[in-house]
Number of protein chains: 2
Amino acid sequence: MATPRFDIIGQAIADASRTRMLCELMEGRSFTNKELASAAGVTPQTASAHLRLLQDAGLVVAEKRGRCVFHRLSGPEVAQALEQLAAIAPMDSLYRAQRRKAGGLAQVRSCYDHLAGPVAVAMTDALIARGHLREEGGGFHPVAGEIWAGLGVCLPDRVMRAPFARPCMDWTERRLHIAGPMGRQILTHALEAGWLRRPLRGRGLEVTTPGHRALAERLGLGSALAGLSGLKSCEEA
Amino acid sequence: MATPRFDIIGQAIADASRTRMLCELMEGRSFTNKELASAAGVTPQTASAHLRLLQDAGLVVAEKRGRCVFHRLSGPEVAQALEQLAAIAPMDSLYRAQRRKAGGLAQVRSCYDHLAGPVAVAMTDALIARGHLREEGGGFHPVAGEIWAGLGVCLPDRVMRAPFARPCMDWTERRLHIAGPMGRQILTHALEAGWLRRPLRGRGLEVTTPGHRALAERLGLGSALAGLSGLKSCEEA
DNA sequence: CTGAGACTTCGGCGCTGGGCGAAGTGTTTG
DNA sequence: CAAACACTTCGCCCAGCGCCGAAGTCTCAG
């Protein structure tokens with residue numbers, strides 16, 4: 001029989017430790033062996049074996065700089081496939097408790113190359129409610145040019161000609177939100193405009209004061225952002 | 001850490017036998033234990049264990065009718081996730097040889113709920129070349145109404161209002177083709193109009209004589225269909 | 001009722017693979 | 001050069017799982 005070798009990918013993601021590493025890597029940044037070992041709760045030598053396996057499966061690429069090795073997902077297709085899996089995978093049972101404890105954790109975060117978390121879902125809802133975006137047939141369609149006006153963003157023609165919004169199932173919200181090229185542009189712009197900032201330490205993204213104002217004024221997200229003023233990223237224990 | 005349990009899905013697809021079963025199930029129909037055991041090359045009792053596992057992972061549902069149990073993928077999300085994985089998974093090395101031997105096998109087939117195979121790819125290309133479909137930002141966009149005229153198909157308003165075409169990476173061609181709601185409509189129509197037929201035995205779909213004529217005249221696919229006249233589905237060995 | 005067929009359960013075998021401690025390699029710092 | 005550090009390799013232990021033969025359950029045909 002002619003078959004794609006799902007099993008090779010399956011082997012790679014079949015282990016809980018590797019799953020945790022991949023979830024970490026979904027943030028889009030590079031991570032060192034040590035960071036990923038800590039995220040997975042194993043020793044560095046075990047993590048090393050896992051990462052080698054993930055590399056062999058083609059999910060992860062490594063780059064050596066000095067005495068450090070930086071690992072990241074090998075491409076957007078991988079992130080997209082993992083997202084798709086997350087849509088059908090059960091959630092970690094520890095999740096709900098942890099989320100309560102962690103508070104603001106993951107309110108805003110990056111999902112490989114676009115925004116995710118409750119705020120991203122709220123943004124998508126607001127864009128639809130205001131007529132800037134249309135949901136149909138399982139996809140998001142921008143109402144020509146409108147979406148950019150809604151965000152108050154000026155974008156290059158190249159992007160205007162390819163404003164395709166791929167839906168993405170959020171891990172925590174289980175709701176669709178904007179991914180794809182448009183999602184990437186929104187994240188990029190939000191970072192460039194200073195609405196969001198990657199904190200030096202820890203996970204997630206910080207909403208800056210101008211970011212608060214912009215999202216509240218342009219999309220009416222004041223209430224969704226209510227608990228976030230001065231939000232610092234939260235660490236576990 | 002809050003994580004989706006990729007590993008549960010991973011465990012389920014981590015085995016080559018289960019991979020073969022899933023590929024079989026991707027056709028979209030229901031299959032019995034015995035059929036799937038044969039497809040995977042294992043005994044029925046082993047297949048039974050595998051299917052139980054796939055069921056526990058939520059990938060497959062079983063329906064008991066009389067003394068037979070029919071298994072099928074639990075939903076479109078599963079098929080979509082598997083497609084996405086196929087895009088990043090290496091192909092079975094036996095594949096190329098088998099494909100040559102099998103000849104017409106898989107020239108046209110269903111991929112869960114839409115068309116796949118070389119002919120589906122050619123259809124997509126033809127629709128783009130003729131201006132009925134636009135590819136941008138990683139998605140396909142119908143040029144309003146035109147695609148249906150191109151296919152000579154009259155479809156309900158409901159579909160016209162939601163003509164979203166999700167791209168799908170074909171297993172064999174490694175090329176994008178039409179999936180999503182539009183893909184489902186195209187497959188449904190092709191079956192209803194008698195252009196395609198599910199053979200009683202064997203895999204894939206048959207292109208009927210009217211189907212040949214319709215695709216050649218409307219989309220200029222005469223050459224793509226050249227080797228297929230009177231095509232019967234091919235069995236292995 | 002009896003036999004055949006589809007499927008599942010059970011038990012046992014053998015292999016694979018995750019885990020860590022200890023030791024090794026290469027790089028940066030002092 | 002020596003010490004610190006990041007990472008990898010090696011060797012070992014043990015749990016888990018794929019596989020099949022044999023036996024059991026359920027359903028249908030005669």
* Asked: In whole Å, what is the span from the CD atom of Gln55(A) to the P atom of dT9(D)?
  -> 10 Å
* What's the spacing between Arg65(B) CZ and Thr32(B) OG1 if we round to 0.5 Å? -> 11.0 Å
* Structure fact -> In short, Val69(B) meets Ala62(B) closest at the heavy-atom pair CG1-CB, 3.9 Å
* What distance separates Leu59(A) CG from Leu73(A) CG, expressed to the nearest 0.5 Å? -> 8.0 Å
* Interatomic distance where CZ belongs to Arg20(B) and C1' belongs to dG18(D) [whole Å] -> 12 Å
* Asked: Are any of Arg18(A)'s side-chain N or O atoms less than 4.0 Å away from OP1 or OP2 of dG18(C)?
  -> yes
* Which angle, to the nearest 10 degrees, lies between the helix axes at the two ends of the helix from dC1(C)-dG30(D) to dG30(C)-dC1(D), each defined by five pairs? -> 20°
* Asked: How long is the line joining CG of Asp15(A) and P of dA15(D), in whole Å?
  -> 17 Å
* **Among dG18(C), dC7(D), dG18(D), the nucleotide that comes nearest once only the side chain of His50(A) is considered** => dG18(C)
* Asked: Any sub-3.5 Å donor-acceptor pair from His177(B)'s side-chain atoms to Cys168(B)'s backbone N or O?
  -> yes
* Structure fact -> Minimal heavy-atom distance between Val42(B) and Ala47(B), with the atoms involved, is CG2-N, 4.0 Å
* To do: Rounded to the nearest angstrom, tell me the gap between atom CE in Met21(B) and atom P in dC7(C).
  => 11 Å
* Asked: Between atom CG in Leu51(A) and atom P in dG19(C), what is the gap in whole Å?
  -> 12 Å
* **Inter- and intrachain pairs under side-chain hydrogen bond (donor to acceptor under 3.5 Å, both in side chains), touching residues 39-49 of chain B, at least two apart** => Thr43(B)-Gln45(B), Thr43(B)-Thr46(B)
* **Euclidean distance, atom CG of residue Leu54(A) to atom P of dG17(C) [Å, nearest integer]** => 14 Å
* To do: Tell me which nucleotide among dC7(C), dT8(D), dG18(C) gets nearest to the side chain of Leu53(A).
  => dG18(C)
* Structure fact -> To the nearest angstrom, the CZ-P distance between Arg65(A) and dC7(D) comes to 12 Å
* Provide, to the nearest angstrom, the distance between the CD atom belonging to Glu63(B) and the P atom belonging to dA6(C). => 18 Å
* Examine the side chains of Ser110(A) and Arg198(A) and answer whether a donor and an acceptor come within less than 3.5 Å of each other. => yes
* Any donor and acceptor pair, going by atom type alone, linking the side chain of Arg175(B) with main-chain N or O of Ala122(B) inside 3.5 Å? -> no
* Structure fact -> So, with a heavy-atom separation below 4.0 Å from DNA chain D, the residues of residues 41-49 of chain B are Val42(B), Thr43(B), Gln45(B), Thr46(B)
* **From Ile9(A) atom CD1 to Leu54(A) atom CG, the distance as rounded to the nearest 0.5 Å** => 10.0 Å
* Structure fact -> From the candidates dC7(D), dC28(D), dC7(C), the one with an atom nearest any side-chain atom of Arg67(B) is dC28(D)
